[in-house]
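Step one of this worksheet: look at the structure below.
Convention: sequence-line order gives letters A, B, ...; per-chain numbering from 1.
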Protein chains: 6
Amino acid sequence: MKVLEQIDGEAGQRVVDSLAEVSPELGHQVVAWAFGDMYARPELPPHDRQLVTLGVLTALGGCEIELEVHVNAALNVGLTPAEISEALLHSAVYCGVPRAINATLVAKKVFAERDLLPITNVG
Amino acid sequence: MKVLEQIDGEAGQRVVDSLAEVSPELGHQVVAWAFGDMYARPELPPHDRQLVTLGVLTALGGCEIELEVHVNAALNVGLTPAEISEALLHSAVYCGVPRAINATLVAKKVFAERDLLPITNVG
Amino acid sequence: MKVLEQIDGEAGQRVVDSLAEVSPELGHQVVAWAFGDMYARPELPPHDRQLVTLGVLTALGGCEIELEVHVNAALNVGLTPAEISEALLHSAVYCGVPRAINATLVAKKVFAERDLLPITNVG
Amino acid sequence: MKVLEQIDGEAGQRVVDSLAEVSPELGHQVVAWAFGDMYARPELPPHDRQLVTLGVLTALGGCEIELEVHVNAALNVGLTPAEISEALLHSAVYCGVPRAINATLVAKKVFAERDLLPITNVG
Amino acid sequence: MKVLEQIDGEAGQRVVDSLAEVSPELGHQVVAWAFGDMYARPELPPHDRQLVTLGVLTALGGCEIELEVHVNAALNVGLTPAEISEALLHSAVYCGVPRAINATLVAKKVFAERDLLPITNVG
Amino acid sequence: MKVLEQIDGEAGQRVVDSLAEVSPELGHQVVAWAFGDMYARPELPPHDRQLVTLGVLTALGGCEIELEVHVNAALNVGLTPAEISEALLHSAVYCGVPRAINATLVAKKVFAERDLLPITNVG
């Protein structure tokens, strides 16, 4: 839970809360497995885990809720808005322009909420 | 049509209705092929067909409209909310946590409409 | 830009605009690469490019924003509402009924905005 | 069946045959529904149906068997190798470069079998 | 591990073994999480879990290795070849004919290895 | 081309070569757009681009050819086998265990070719 709070903050907690009445076990798995087991492993730094996660969620599509959590998480572990934006642009080569646009619009929403727009230093 | 009504009820009919002006043939295919041909086949009971369908729709993602129809259908053929919730939790192993969360939030909406929350007997 | 305006009109411009603050480069890529490089190539007529694009976006799912652009584009290059509707119906064989329904409902929205409903000449 | 033979030729028949022992009904559906119902509909010419199908199969990925059938079918209904190649190149914008490469390598195999390489008139 | 052996038998063990040198932790997660935590939960019987799993893997596509494990697992928990074949046929409505064909050809391979072809009692 | 050689080495060149007869333009796009435009941008270091790419390709599935190129590329820009393996393990949370297994087996093949097995320092 502490890892979840540090990395995902409120957005992650809201997802877990939304599952309480319908699937407490899924909420528990998110916390225990994803965060307890995975994020605590020292083999890959949080910064790198978030880049992989952004790539996966962008490619999957239809993961707006989770992408919002992880754009926040990416900022929390030190990635800049310009780096996140560039990572999503980069993904367009591999999963196509529409998925990259969709993910970028989610990032825009998070950046706006954290007063980080317009981003600087990008193309 | 009778099979559709029994299994999918109102939610299925609403989807067919929404197609009337733009693609009556697609609405017809849903009724005739999916329900007439498929669901009437005795080789697999309705209970089992809904479990397969929940697995497919959860994995595809972006099928909220159809998932709503089939969570209702799953309840109509006798699956309990706890079993449906568990099936979606189970799918997380194979198609990842985000798809499972998305499907579970659709199930939550259906359960709430049918006054079945909080579900019991899970986790 | 001229190609974009002719083919995609306002809907395409709105997507590029929505990216301005968060990823101007992605907006630039959409215009320069997708439209400048691709659509200008004479090897495939615009009519055929839109059919391929409709197939890809329907199959991907979760591309409502882009599908709206390209249903408009398909109309702009001369496809009729009945042909577009049929193309989406056809895709159901290959990517399943839910993806076809989702795309058809996006097409319905565009047809309604352009006062083209109910479509005629389909099944 | 006649439609299947005209459009898909041997490659389509091989797929139906491969299903005979394990799922004759699925083979039957391919013939009856996909080809009997869909391809016989006059709302969209075969040329256009193949373009949509190429788009869908390229985007889905992992459909090498089916793509082989439909690259053959596309040639049978009059699309040139250069047009097919261009359609797959075009799809890269929307579903990414890897899916386009995979589909193009399937097309290459079919073109080679029909002695149509190197293609001319592209880029 | 005992659950894995009972349900997945050799095919599951081969997958875990293949991961030993490159990702022992992933092999461990498969055993501990997927099988230890999930399959041991009484909320859904093994028969139903396999139906959901078949649906998910068919829809995902590109999961031939895993599908082979789970067609075996489905047989091990009491599903008949005809029921498995029908489940995959059923999935065609939702994820399209190509994914259903691909999964059916994997099932055919498993059925052949266990001398269960031709299946009876289907369409 | 120089960027391609430095980052992707032989494996990337083989893909471009394989496209020469069937789609020289797609090969050109891979080199010019993906590598010329994207990888040359300073907004994200190569190390980070490869992590995003691994995430995208793992989630897409069915990209064995491309994943092989990019596991090589990841090694070439300084990621260790243990980090790559961990990144793929990490992706299991988001896109499911089967996609992670498939990607890990591709990584295993590349590691074996470069004599990097068994990897050390992982769980």
Side-chain angles (χ1 to χ4, degrees), chain A residues 29-63 65-67 69-70 73-74 78-97 99-100 103 119-123, chain F residues 29-63 65-67 69-70 73-74 78-97 99-100 103 119-123:
Chain A
Q29 292 281 338
V30 172
V31 176
W33 183 56
F35 289 96
D37 285 16
M38 282 287 175
Y39 282 81
R41 289 170 56 84
E43 279 81 358
L44 202 67
H47 168 276
D48 290 8
R49 288 186 189 275
Q50 291 307 325
L51 287 166
V52 175
T53 307
L54 290 178
V56 170
L57 294 177
T58 300
L60 284 178
C63 294
I65 295 171
E66 295 78 13
L67 206 42
V69 172
H70 286 282
L79 283 151
T80 67
E83 287 172 328
I84 293 168
S85 191
E86 184 74 19
L88 303 180
L89 171 64
H90 178 84
S91 73
V93 181
Y94 302 101
C95 59
V97 167
R99 291 278 190 254
I119 63 166
T120 48
N121 218 14
V122 164
Chain F
Q29 293 281 339
V30 172
V31 176
W33 184 57
F35 289 96
D37 284 16
M38 282 287 176
Y39 282 81
R41 289 169 56 84
E43 279 80 359
L44 201 67
H47 167 277
D48 290 7
R49 287 187 189 275
Q50 292 308 325
L51 287 166
V52 175
T53 308
L54 291 178
V56 170
L57 294 176
T58 300
L60 283 178
C63 293
I65 295 171
E66 295 78 14
L67 205 43
V69 172
H70 285 282
L79 283 151
T80 67
E83 286 171 329
I84 293 168
S85 191
E86 183 74 18
L88 303 180
L89 170 65
H90 178 84
S91 73
V93 181
Y94 302 101
C95 60
V97 166
R99 291 279 189 253
I119 64 165
T120 46
N121 217 16
V122 165

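- Chosen from T53(F), L57(F), L54(F), L79(F), the residue pairing most often with chain A at heavy-atom distances under 4.5 Å is T53(F).
- Of the two parts of L44(A), the backbone and the side chain both hold a non-hydrogen atom closer than 4.5 Å to a non-hydrogen atom of chain F.
- Interface summary for chain F: among P42(A), P45(A), G55(A), the most heavy-atom pairs under 4.5 angstrom belong to G55(A).
- Among residues two or more places apart in sequence or in another chain, the side-chain contact (heavy atoms from CB on, under 4.5 Å) test is passed with A59(A) by C95(A), V56(F), A59(F), L60(F).
- Summarising the geometry of E43(F) relative to E83(A), their closest heavy-atom pair is O-CG, 3.7 Å, with the distance given to 0.1 Å.
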Going through the distances and angles, do H90(A) and D48(F) end up as a side-chain contact (heavy atoms from CB on, under 4.5 Å)?
CA-CA 10 Å; H90(A) 178 84; D48(F) 290 7; over 6 Å; no
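- Counting all heavy atoms, side chain and backbone alike, V52(A) lies closest to S91(F) at CG1-CB, 4.3 Å.
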